[in-house]
There are 2 protein chains.
Amino acid sequence: MVAPSLRARVRAGMIDEIKAVARRHLATDGANLSLRAVARDMGMVSSAIYRYFPSRDDLLTALILEAYDALGDAVETADAAVDQADLRERWHAACRAARAWSLAHPAEYALLYGSPVPGYAAPDDTVAPAQRPPLTLVGILRDGFAAGRLQPPAEEVPEPLRAEVAELGALLSVDLPPALLARGMAGWTQLFGLISFELFGRINRTLPHRDEYFDHQINLMADLIGLPRSAG
Amino acid sequence: MVAPSLRARVRAGMIDEIKAVARRHLATDGANLSLRAVARDMGMVSSAIYRYFPSRDDLLTALILEAYDALGDAVETADAAVDQADLRERWHAACRAARAWSLAHPAEYALLYGSPVPGYAAPDDTVAPAQRPPLTLVGILRDGFAAGRLQPPAEEVPEPLRAEVAELGALLSVDLPPALLARGMAGWTQLFGLISFELFGRINRTLPHRDEYFDHQINLMADLIGLPRSAG
DNA sequence: TCCATTTCGAGAGCACCGCTCTCGAAGAAG
DNA sequence: CTTCTTCGAGAGCGGTGCTCTCGAAATGGA
């Protein structure tokens with residue numbers, strides 16, 4: 001492990017600064033990030049940016065990766081901060097953390113979960129960070145089921161689908177009955193839908209008590225999954 | 001009611017043709033619609049388009065309005081086509097119609113439910129068409145509750161939120177217990193999330209049986225709402 | 001029928017965009 | 001001290017949304 005040269009450190013600093021300025025532009029101007037505007041803000045000419053990012057999409061990818069990790073960190077630390085035996089509280093904490101991060105970073109959320117940019121194809125190294133939030137949620141189910149605190153639902157998943165859901169569970173390394181995993185995925189889908197509706201301004205214009213609405217809907221999904229209600 | 005002049009008819013035809021070409025471009029090139037490309041396809045110069053649409057956003061708004069109406073038509077006719085007494089079947093038909101339309105028109109779906117275009121603010125005349133799909137869904141609940149075939153859920157919505165949800169119900173002219181309406185909104189949120197995940201390519205890469213997955217998840221929400229299972 | 005008015009397409013032009021290429025200055029390495 | 005690498009500046013290409021002007025054509029009243 002040799003110490004990075006001065007040039008390498010300066011270069012890393014430049015990359016960080018470009019990303020920081022780009023993130024600021026993203027927050028104010030929305031999703032259509034302008035490389036030239038970022039360069040102007042840094043006192044550079046636009047072509048100089050290409051010394052650090054081969055294209056605008058690569059800069060976007062870097063921002064997406066960082067956003068996924070920031071969201072994943074927020075959700076995971078929120079889940080880890082509460083009593084691990086209290087499944088309902090863990091579910092609440094994880095969902096609330098996801099919503100809080102999204103409300104605090106709406107442009108980055110849109111980058112992650114909005115409509116895909118036309119020409120842009122997410123590279124493969126984004127899938128692992130992207131799975132962290134849903135993995136946290138199903139991890140709560142895994143822990144609960146392993147501890148016997150979470151009962152599998154009454155219904156069974158019919159066969160063409162059952163094997164696939166089971167395979168998905170194996171892929172995610174969560175040992176869950178397919179019907180339970182399917183309900184967990186319903187919870188994740190619901191969480192995404194709730195945040196998207198709130199951020200993209202659909203229904204909630206008429207619902208000023210957004211926190212209470214979110215909590216109520218999250219509780220409904222926790223009921224559907226069968227998470228035991230918190231004691232107290 | 002005077003017959004429209006020749007010039008007016010030609011103008012209306014031009015507007016329709018521009019929208020048709022724009023819709024085609026939307027389907028192939030994605031969300032970033034180029035006015036110049038549309039003009040080129042019509043053998044016109046770009047500035048001529050401005051005789052018919054004052055800006056690119058206005059053309060987008062026209063496309064959005066038509067898309068909302070097309071989706072609303074699809075959902076409403078699917079709901080109306082089945083036995084009105086079979087609530088579960090109506091729920092299924094409406095949700096499947098929404099998904100089918102979305103899969104057939106992914107770019108237009110992204111226009112409606114994707115991340116909002118940065119500078120674009122949806123005008124007020126889009127809210128009524130936008131409410132048609134969720135109104136169809138809660139209409140199923142309204143009919144079921146009025147007919148006594150749908151029981152209100154056991155839980156009660158706590159007070160700061162209860163009044164707001166009730167007010168929302170009054171605004172939508174659906175007479176439902178707040179807790180039941182909240183569950184209906186959960187179903188609508190879930191439907192949006194399911195379609196978005198499938199279209200924007202998130203989880204379902206590992207789930208080839210998408211139809212079965214969708215049906216299973218929709219059924220889960222129908223269970224949560226309390227829709228009676230179809231006889232047979 | 002003639003003429004004033006309106007409509008509309010073409011063209012040039014402005015500022016902006018992503019991206020490529022070349023060139024010269026400056027630092028790193030030998 | 002010299003060679004090589006790195007990097008910013010600048011010009012330029014084709015694209016975008018949008019504005020303005022001009023001339024042709026259609027409309028409609030006298």
Side-chain angles (χ1 to χ4, degrees), chain A residues 2-19 21-26 28-64 107 111 116-121 123, chain B residues 2-19 21-26 28-64 107 111 116-121 123:
Chain A
V2 67
S5 68
L6 171 66
R7 192 174 250 172
R9 273 182 288 131
V10 167
R11 180 178 178 85
M14 282 294 275
I15 289 181
D16 282 348
E17 190 178 344
I18 291 175
K19 285 194 285 192
V21 173
R23 207 165 13 235
R24 213 172 54 220
H25 268 85
L26 214 58
T28 61
D29 297 353
N32 42 7
L33 180 68
S34 161
L35 265 186
R36 291 180 111 110
V38 172
R40 266 195 305 272
D41 262 26
M42 298 189 59
M44 295 168 59
V45 90
S46 72
S47 61
I49 301 281
Y50 289 85
R51 296 283 177 196
Y52 303 95
F53 292 95
S55 81
R56 177 176 164 276
D57 280 0
D58 291 86
L59 175 55
L60 274 181
T61 299
L63 295 178
I64 288 175
L111 211 57
V117 182
Y120 178 78
Chain B
V2 69
S5 69
L6 170 67
R7 191 174 250 173
R9 273 182 289 131
V10 166
R11 181 179 176 84
M14 283 292 276
I15 289 182
D16 282 348
E17 190 178 344
I18 290 174
K19 285 194 284 192
V21 173
R23 207 163 16 233
R24 213 172 55 219
H25 268 84
L26 214 60
T28 60
D29 297 354
N32 43 7
L33 180 68
S34 162
L35 264 187
R36 293 180 109 110
V38 172
R40 267 195 304 271
D41 262 27
M42 299 190 58
M44 295 168 59
V45 91
S46 73
S47 61
I49 300 281
Y50 289 85
R51 297 284 178 195
Y52 303 94
F53 292 95
S55 82
R56 177 176 163 277
D57 280 0
D58 290 85
L59 175 54
L60 274 181
T61 299
L63 295 178
I64 287 176
L111 211 57
V117 183
Y120 178 79

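Model, not experiment: these values are computed from the prediction. Below, read A as the first sequence line, B as the second, and so on, with proteins coming before strands; counting in each chain starts at 1.
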Quiz item: Which sits closer to the 5' end of DNA chain D, B:Arg40 or B:Arg7, going by the nucleotide each is nearest to?
Solution: B:Arg40
Self-check item: Nucleotide nearest B:Met44 when distance is taken to its side chain, options D:dG17, C:dC8, C:dA10
Solution: C:dA10
Exercise. Could you check A:Met44, A:Arg9, A:Lys19, A:Arg51 and say which one makes a side chain to side chain contact (heavy atoms under 4.5 Å, CB included) with A:Met14?
Key: A:Met44
Quiz item: Between A:Ala37 and A:Pro54, which is nearer to the 5' end of DNA chain C once each is assigned its nearest nucleotide?
Solution: A:Ala37
Quiz item: Between the base of D:dG8 and the side chain of A:Ser47, is there any donor-acceptor pair under 3.5 Å?
Solution: no
Quiz item: When we call it a touch if two heavy atoms are under 4.0 Å apart, what does A:Ile49 touch: a base, just sugar-phosphate, or nothing?
Solution: nothing
Practice problem: In whole angstrom, give the distance that lies between atom OH of B:Tyr50 and atom C1' of C:dG11. | Solution: 15 Å
Quiz item: Does A:Tyr52 have a side-chain nitrogen or oxygen under 4.0 Å from the phosphate oxygens OP1 or OP2 of D:dG8?
Solution: yes
Quiz item: Between atom CG in A:Asn32 and atom P in D:dG17, what is the gap in whole Å?
Solution: 13 Å
Self-check item: Whole-Å distance separating the CD1 atom of A:Ile18 from the P atom of C:dG18
Solution: 13 Å
Quiz item: Base, sugar-phosphate alone, or nothing: which one does B:Leu59 contact when heavy atoms must sit under 4.0 Å apart?
Solution: nothing
Practice problem: Return the 5'-most residue of the pair A:Arg51, A:Ser46 with respect to DNA chain C, ranking by each residue's nearest nucleotide. | Solution: A:Ser46
Exercise. Kindly indicate whether the side chain of A:Phe53, heavy atoms from C-beta on, has any atom under 4.5 Å from the side chain of A:Ile15.
Key: yes
Quiz item: In whole angstrom, what separates A:Asp58's CG from C:dT20's P?
Solution: 11 Å
Quiz item: How close or far is atom C1' of D:dC18 from atom CG of B:Asp57, stated in whole angstroms?
Solution: 12 Å
Quiz item: Which whole-number value in Å describes the distance from A:Leu35 CG to D:dG8 P?
Solution: 14 Å
Quiz prompt | Side-chain N or O of A:Arg11 closer than 4.0 Å to phosphate OP1/OP2 of D:dC7 | solution = yes
Exercise. Return yes if a side-chain donor-acceptor contact under 3.5 Å exists between A:Asp58 and A:Ser55, otherwise no.
Key: yes
Quiz item: Contact class for A:Met14 vs. all strands (heavy atom < 4.0 Å): base, sugar-phosphate, or nothing?
Solution: sugar-phosphate
Exercise. Tell me which nucleotide among D:dC18, C:dA10, C:dA26 gets nearest to the side chain of B:Arg56.
Key: D:dC18
Self-check item: Rounded distance (Å) that lies between atom P of D:dG15 and atom CG of B:Asp41
Solution: 14 Å
Self-check item: Base of D:dG15 paired with side chain of B:Arg36 (donor-acceptor, under 3.5 Å)
Solution: no
Self-check item: Any B:Arg9 side-chain N or O less than 4.0 Å from OP1/OP2 of D:dA26
Solution: no
Practice problem: Decide yes or no for A:Arg24 and A:Val21: does some side-chain heavy atom of the first lie under 4.5 Å from some side-chain heavy atom of the second? | Solution: yes
Self-check item: Donor-acceptor pair, side chain of A:Arg56 and main chain of A:Leu35, under 3.5 angstrom
Solution: no
Quiz prompt | Spacing of A:Glu17 atom CD relative to D:dC7 atom P, expressed in whole Å | solution = 15 Å
Quiz item: Do A:Leu63 and A:Leu33 touch side chain to side chain, with heavy atoms closer than 4.5 Å?
Solution: yes
